[in-house]
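Remarks on the structure that follows.
Proteins come first, then strands; the chains are lettered A, B, ... in the order of their sequence lines, and each starts at number 1.
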Protein chains: 2
Amino acid sequence: MTVEEQSTPENNILKAAKEIFQKKGMAAARMQEIADEAGINKAMLHYYYRSKELLFEAVFKSAFHMLAPQLNEIMNADTSVFEKIKNFSSNYISFVLKHPYLPNFIIQELNRNPEFVKNLIAEKNFPNISKFKQQVNHKIEAGEIRPINPEQLFINIISLNIFPFIGAPLLKGFVNINDEAYKQLMEDRKTEVADFIINAIKI
Amino acid sequence: MTVEEQSTPENNILKAAKEIFQKKGMAAARMQEIADEAGINKAMLHYYYRSKELLFEAVFKSAFHMLAPQLNEIMNADTSVFEKIKNFSSNYISFVLKHPYLPNFIIQELNRNPEFVKNLIAEKNFPNISKFKQQVNHKIEAGEIRPINPEQLFINIISLNIFPFIGAPLLKGFVNINDEAYKQLMEDRKTEVADFIINAIKI
DNA sequence: GTCTATAGCCAGATAGAC
DNA sequence: GTCTATCTGGCTATAGAC
């Protein structure tokens, strides 16, 4: 049992706070609602986390640490470029299907507070793509994939995996399908996305 | 001079409200701040728009109507699939470089209120991709592009164009570059994105 | 139509009993 | 540590003078 899963008051509050903050965002979330979700009193939130702002920060860091290390691990693994693309797409989509509010929460709060990224970068395990960039450049020099800026390729990988979840309400409208059909599209993307990217870059 | 550009009190308020709502979101925006931005009194906001909620709706619809018809126009134009991909990528990125807060605003508020899409769908000029789907299927049957679900292709096009703006703070951190370098990457994407997609699907 | 002043409410935070 | 009751500030909205 990891630290996060222990049933201490701190962890129960954190779990409830995640639920509410991720659904509503910092400004719209209510301390009372978090207390209700946690099955405790509003005063206890302040006893354990002092203020709404500090509770929010704890939630944000916890959420970020669920996502970022995965990315780092895959990008720095000892596997080929194509393997990395396949593994990331498959792992990420599986993960987000289980935590649907998480990516939007992180993106949204980083837009609200862009300088907050600086704190995150300072931490160990913050994703680093230098190995990935090297690998891509070697493949290009070897004539195995088309010339492409590795940063653009990285942005494409992230975009194709993350946006369909963040933009779900909009995309459901455009494509004109219901929730169930959309979820099936997402399931299909576990392999579709990697195929699409690899077709785009391979010679 | 279009209706939106006339300097009536309604339009001045709407412009100021866009600025604040798009930066902060509905919940965090303050009526006082909007009044300051518009250079008028807080009471006037209520005189012209009755409530914060109604002012917000006016802003949201106005923002959505700046974006969606473009998409509709391009998708239903009398051009080939490849032309549509090129035109959309180029036009959309140019547009968003001028209105950086807009996509995130729309996505964010639709996530907060997913059933709001239903109202939007009912309007004329709501994007319709049936023509695009037909074209893609014909191209596949003709053996000119690889087999792909047209809906997945559409999602990919939208993701590659929109996400780099919404996820900018995060991506800047991952790629580890400053604002200026990132803006250059976005400029490059006006053509990069279409090339990437076309490579992915053409035989 | 435009302003000042204020009503009324709601949410974060704390005091203090247990 | 946990609760109830309450304080305090800030925000939407309106009343009412001009």
Could you state the [atom1]-[atom2] distance from [X] to [N], rounded to the nearest angstrom?
{"X": "I20(B)", "N": "dT12(D)", "atom1": "CD1", "atom2": "P", "result": "12 Å"}
{"X": "Q32(A)", "N": "dC9(C)", "atom1": "CD", "atom2": "P", "result": "18 Å"}
{"X": "E53(B)", "N": "dC11(D)", "atom1": "CD", "atom2": "P", "result": "18 Å"}
{"X": "N12(B)", "N": "dG1(C)", "atom1": "CG", "atom2": "P", "result": "14 Å"}
{"X": "F21(B)", "N": "dT12(D)", "atom1": "CZ", "atom2": "P", "result": "9 Å"}
{"X": "D36(B)", "N": "dC3(C)", "atom1": "CG", "atom2": "P", "result": "12 Å"}
{"X": "I40(A)", "N": "dT4(D)", "atom1": "CD1", "atom2": "C1'", "result": "15 Å"}
{"X": "M31(A)", "N": "dG10(D)", "atom1": "CE", "atom2": "P", "result": "17 Å"}

For F88(A), ring pair (Phe, Tyr, Trp, His ring centres under 6.0 Å) partners two or more places apart: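 F88(A) satisfies ring pair (Phe, Tyr, Trp, His ring centres under 6.0 Å) with Y92(A) once adjacent residues are dropped.
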side-chain contact (heavy atoms from CB on, under 4.5 Å) assessment of F163(A) paired with I158(B): CA-CA 8 Å; F163(A) 186 77; I158(B) 301 291; 3.7 Å; yes
Sugar-phosphate only, base, or nothing, as touched by A27(B) at under 4.0 Å among non-hydrogen atoms: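 It contacts nothing in the nucleic acid.
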Touch class at under 4.0 angstrom, heavy-atom based, for A35(B) against every strand present: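 If one applies the 4.0 Å heavy-atom cut-off, A35(B) turns out to touch nothing in the nucleic acid.
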Salt bridge present between R112(A) and E109(A) (N-O < 4.0 angstrom):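 Yes.
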Nucleic acid contacts of residues 41-52 of chain A, taken as heavy-atom distances under 4.0 Å to DNA chain C: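 Under 4.0 Å from DNA chain C: K42(A), A43(A), H46(A), S51(A), K52(A).
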Ring-face cation of K18(B) near F105(B) (centre distance under 6.0 Å, axis angle within 45°):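 No cation-pi geometry.
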Chi angles and distances behind the side-chain contact (heavy atoms from CB on, under 4.5 Å) call for F95(B), M66(B): CA-CA 10 Å; F95(B) 177 80; M66(B) 287 177 80; 4.0 Å; yes
Parallel, tilted or perpendicular, as decided by the 30° and 60° cut-offs, for the rings of F126(A) and F174(B):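 The arrangement is tilted - the two ring planes meet at 30° to 60°.
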